[in-house]
There are 2 protein chains.
Amino acid sequence: MTAQTIPDRCETCVIRHRAICAALTKDELKSMNRIARQRIIAAGQVISSELEPGTAFANIVSGVVKLTKTLADGRQQIVGLQFTPDFLGRTFAEENPYSAEAATEVELCSFPKAEFESILKRHPGLEHRLFADTLNELDAARDWMLLLGRKTAEEKVATFLHMLAKRVPNIGCTHSEELNYARFILPLTRGEIADYLGLTLETVSRQMTKLKKSGVLNVIDNRDITVPSMDALSQVAGD
Amino acid sequence: MTAQTIPDRCETCVIRHRAICAALTKDELKSMNRIARQRIIAAGQVISSELEPGTAFANIVSGVVKLTKTLADGRQQIVGLQFTPDFLGRTFAEENPYSAEAATEVELCSFPKAEFESILKRHPGLEHRLFADTLNELDAARDWMLLLGRKTAEEKVATFLHMLAKRVPNIGCTHSEELNYARFILPLTRGEIADYLGLTLETVSRQMTKLKKSGVLNVIDNRDITVPSMDALSQVAGD
DNA sequence: CGTTATGTTGATAGCCGTCAACATACGTGG
DNA sequence: CCACGTATGTTGACGGCTATCAACATAACG
């Protein structure tokens with residue numbers, strides 16, 4: 001067995017087999033481990049700013065990160081939400097096209113820009129993995145364009161909750177695919193949800209109330225959401 | 001000199017040095033040429049359908065292709081516009097996440113799926129180029145999310161025309177970057193523009209009239225657009 | 001010359017944004 | 001422990017931007 005050659009913290013890492021690290025050989029993993037650094041980011045802290053040069057890349061070990069773009073007069077749009085084993089950072093660009101901000105407390109496994117790009121250059125397998133991830137993100141972005149351009153406020157909120165239920169850790173149940181039930185904690189405020197859906201926070205609040213009254217949701221304490229039937233939610237979401 | 005080893009039609013190809021072919025060595029170019037086939041698609045024809053397996057990839061030699069997604073009840077959103085030397089096709093996925101349709105007459109240089117993927121697997125340089133292109137498309141998609149979620153109808157139309165002026169061949173002038181003037185032919189109908197901007201065709205028409213009256217545009221024959229000052233247009237676009 | 005596709009303009013309606021008041025939770029400091 | 005300020009969330013009243021419905025104009029085409 002050569003398992004001992006894997007760095008300890010990678011061996012015990014919860015995202016070892018789901019993050020980009022899954023695409024690495026043992027030697028590559030060692031190189032990555034040598035430059036990796038763990039970081040805890042408090043909720044609300046900016047990780048990297050729009051139009052400024054990036055300094056690092058990172059895996060999200062836990063927590064939720066929002067990617068935002070802002071117009072000159074302050075109007076803001078969340079253009080991406082990233083969850084647990086997602087990779088953070090725009091490769092092959094000097095400047096960030098958007099800001100990254102911790103929506104919850106976030107745990108990162110971070111890599112300095114220059115060193116990471118140097119490893120990337122030498123390992124086509126890693127680049128292939130990043131490419132595949134990027135294609136999936138592009139698909140997700142285009143799904144969201146359909147939502148932003150053509151869905152009603154109610155459909156937008158329902159679609160958002162449906163997506164969250166599938167991507168965020170659920171409470172007190174396994175992540176069984178057949179399970180037609182979900183319970184989770186909202187990682188975003190009403191205002192942030194609005195910025196993700198192209199709405200105002202008041203409209204988001206009203207639609208949540210509406211979904212609650214129609215029995216599609218049970219809401220405890222404003223952040224603790226229960227979905228009795230994911231099928232019903234999917235119905236309201238419009239696709 | 002080894003220039004003679006480049007296939008004739010590639011040697012004379014107008015997108016030879018701008019399409020993905022620019023990332024190929026002479027030998028790779030020969031392999032690609034062997035499987036390439038020229039195709040002319042009439043305006044309005046579907047190139048590939050949503051949720052169906054793709055059968056080919058292609059370079060756009062000339063023309064404009066729209067990528068669309070449609071909800072069950074018929075609401076449609078254009079999630080991408082592709083122009084002259086863009087690459088068409090979703091690598092590493094069985095099914096297309098969206099439809100591709102010719103907006104104008106389109107000239108393609110097309111490659112069968114299996115053969116292209118086989119070449120791709122053997123040539124990391126080609127994959128690197130596709131990766132870089134995909135990252136740019138993701139950035140563009142996120143810019144569009146900001147437009148769809150947060151911009152007004154007038155800003156949307158102005159942003160769209162500004163983007164077109166920079167990407168579509170202009171009439172009677174070089175593509176000089178400093179030139180604060182543009183003239184081009186709209187490749188889309190009012191209805192298609194609406195589907196790209198998350199509006200109705202009536203609203204698009206009204207905003208075009210408004211921009212015309214305010215002097216930001218000169219419109220001849222509904223499709224022939226002149227922009228006297230790109231700066232002024234950019235101003236109205238809101239960024 | 002009729003038919004169809006495309007585009008413009010007007011009247012009206014409705015969804016969602018804006019403004020505002022109030023409720024609740026949380027943390028800080030007296 | 002309570003007072004206070006701040007952040008977050010809900011609900012109501014009202015208004016405006018954009019969708020809807022409709023009539024008409026123009027161009028393209030067989």
Side-chain angles (χ1 to χ4, degrees), chain A residues 42-45 66 71 73-77 101 103-105 147-158 160-161 185-213 217-225 236 238, chain B residues 42-45 66 71 73-77 101-105 147-158 160-161 185-214 217-225 236 238:
Chain A
Q45 290 305 109
K66 54 177 186 172
L71 290 172
D73 60 5
R75 282 174 288 175
Q76 191 171 78
Q77 177 69 40
E101 189 178 323
T104 64
E105 178 172 286
L147 173 145
L148 291 170
R150 291 304 184 201
K151 286 193 175 179
T152 65
E154 183 177 31
E155 289 170 331
K156 285 178 175 181
V157 172
F160 170 71
L161 294 172
I185 301 294
L186 275 182
L188 304 184
T189 66
R190 298 292 185 268
E192 288 172 322
I193 297 171
D195 281 346
Y196 197 25
L197 300 176
L199 299 170
T200 61
L201 65 92
E202 293 94 332
T203 299
V204 170
S205 177
R206 274 186 256 268
Q207 296 302 333
M208 298 268 301
T209 304
K210 191 174 167 188
L211 290 173
K212 199 165 54 184
K213 280 182 181 161
L217 302 179
N218 293 319
V219 181
I220 314 165
D221 212 18
N222 289 334
R223 291 291 191 108
D224 187 337
I225 307 288
V236 181
Chain B
Q45 289 305 110
K66 54 178 187 169
L71 291 171
D73 61 5
R75 281 174 288 174
Q76 191 170 78
Q77 177 70 40
E101 189 178 323
T104 63
E105 178 173 285
L147 173 145
L148 291 171
R150 290 303 182 203
K151 286 193 175 180
T152 65
E154 184 177 31
E155 290 171 330
K156 285 178 175 181
V157 172
F160 169 70
L161 294 172
I185 301 295
L186 275 182
L188 303 184
T189 66
R190 298 293 186 267
E192 288 171 323
I193 297 171
D195 282 345
Y196 197 25
L197 300 176
L199 299 170
T200 60
L201 64 93
E202 293 94 333
T203 297
V204 170
S205 177
R206 275 186 256 268
Q207 297 301 333
M208 297 270 301
T209 304
K210 190 174 167 188
L211 291 174
K212 199 165 55 183
K213 281 182 181 160
S214 71
L217 302 179
N218 291 319
V219 181
I220 314 165
D221 212 18
N222 289 332
R223 291 290 190 110
D224 187 338
I225 307 288
V236 180

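Here the structure is a predicted model, which is why all the values come from computation and not from measurement. Here is the naming used below: chain letters follow the sequence lines, and residue numbers restart at 1 for every chain.
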Report task. Side-chain contact test, heavy atoms from C-beta onward, threshold under 4.5 Å: evaluate it for A:Leu217 versus A:Ile225 and give yes or no. Result -> yes
Query raised in the report: Touch check for A:Thr189, heavy atoms < 4.0 angstrom, all strands: base, sugar-phosphate only, or nothing?
Result: sugar-phosphate
Requested in this report: Calculate the interatomic distance between B:Ile193 atom CD1 and C:dT6 atom P; express it in whole Å.
Outcome: 12 Å
Query raised in the report: Over how many whole Å does the gap from B:Ile220 atom CD1 to D:dT26 atom C1' extend?
Result: 17 Å
Requested in this report: Indicate, with a heavy-atom threshold strictly under 4.0 Å, whether B:Leu199 touches base, sugar-phosphate, or nothing.
Outcome: sugar-phosphate
Report task. Looking only at side-chain atoms of A:Asn222, point me to the closest of D:dT10, D:dT18, C:dG7. Result -> D:dT10
Report task. Output yes when B:Arg75 and A:Glu155 qualify as a salt bridge under the 4.0 Å nitrogen-oxygen rule, no when they do not. Result -> yes
Requested in this report: Check whether any side-chain N or O of A:Thr203 sits under 4.0 Å from OP1 or OP2 of C:dG17, and answer yes or no.
Outcome: yes
Query raised in the report: Expressed in angstrom and rounded to an integer, what is the separation of B:Leu197 atom CG from D:dT18 atom P?
Result: 12 Å
Query raised in the report: B:Met208 has an atom CE; how far is it from atom C1' of C:dG7, in whole Å?
Result: 10 Å
Query raised in the report: Rounded to the nearest Å, what distance is computed from the NZ atom of residue B:Lys210 to the P atom of nucleotide C:dT8?
Result: 16 Å
Query - Ionic contact status for B:Asp195 with B:Lys66, cut-off 4.0 Å - result: no
Query - Along DNA chain D (nearest heavy atom to each residue), the more 5'-positioned of A:Thr209 and A:Arg150 - result: A:Thr209
Report task. Describe the nucleic acid contact of A:Gly44 in one word from base, sugar-phosphate, nothing, applying a heavy-atom distance below 4.0 Å. Result -> nothing
Report task. State whether A:Arg223 places a side-chain N or O below 4.0 Å from either non-bridging phosphate oxygen (OP1 or OP2) of D:dG9. Result -> yes
Query raised in the report: How about A:Asp221: does its CG atom have over 12 heavy atoms from other parts shown lying under 6.0 Å from it?
Result: no
Report task. Indicate, with a heavy-atom threshold strictly under 4.0 Å, whether B:Thr200 touches base, sugar-phosphate, or nothing. Result -> base
Query raised in the report: How close or far is atom C1' of D:dT11 from atom NZ of A:Lys212, stated in whole angstroms?
Result: 11 Å
Query raised in the report: To the nearest angstrom, how far is A:Asp195 atom CG from C:dG17 atom C1'?
Result: 14 Å
Query - Donor-acceptor pair under 3.5 Å, A:Arg190 side chain vs D:dT11 base - result: no
Report task. Give the intermediate values and the outcome of side-chain contact (heavy atoms from CB on, under 4.5 Å) for residues B:Gln76 and B:Leu71. Result -> CA-CA 6 Å; B:Gln76 191 170 78; B:Leu71 291 171; over 6 Å; no
Query raised in the report: Hey, does the side-chain of A:Glu202 have a donor or acceptor N/O within less than 3.5 Å of a partner on the base of C:dC16?
Result: no
Report task. Kindly indicate whether the side chain of B:Arg206 and the base of C:dG10 share any N or O donor-acceptor pair separated by less than 3.5 Å? Result -> yes
Report summary line: Between A:Asp221 and A:Ala153, whichever has its closest DNA chain C nucleotide further toward 5' is A:Ala153
Query raised in the report: Rounded to whole angstroms, how far apart are NZ on B:Lys156 and C1' on D:dA19?
Result: 12 Å
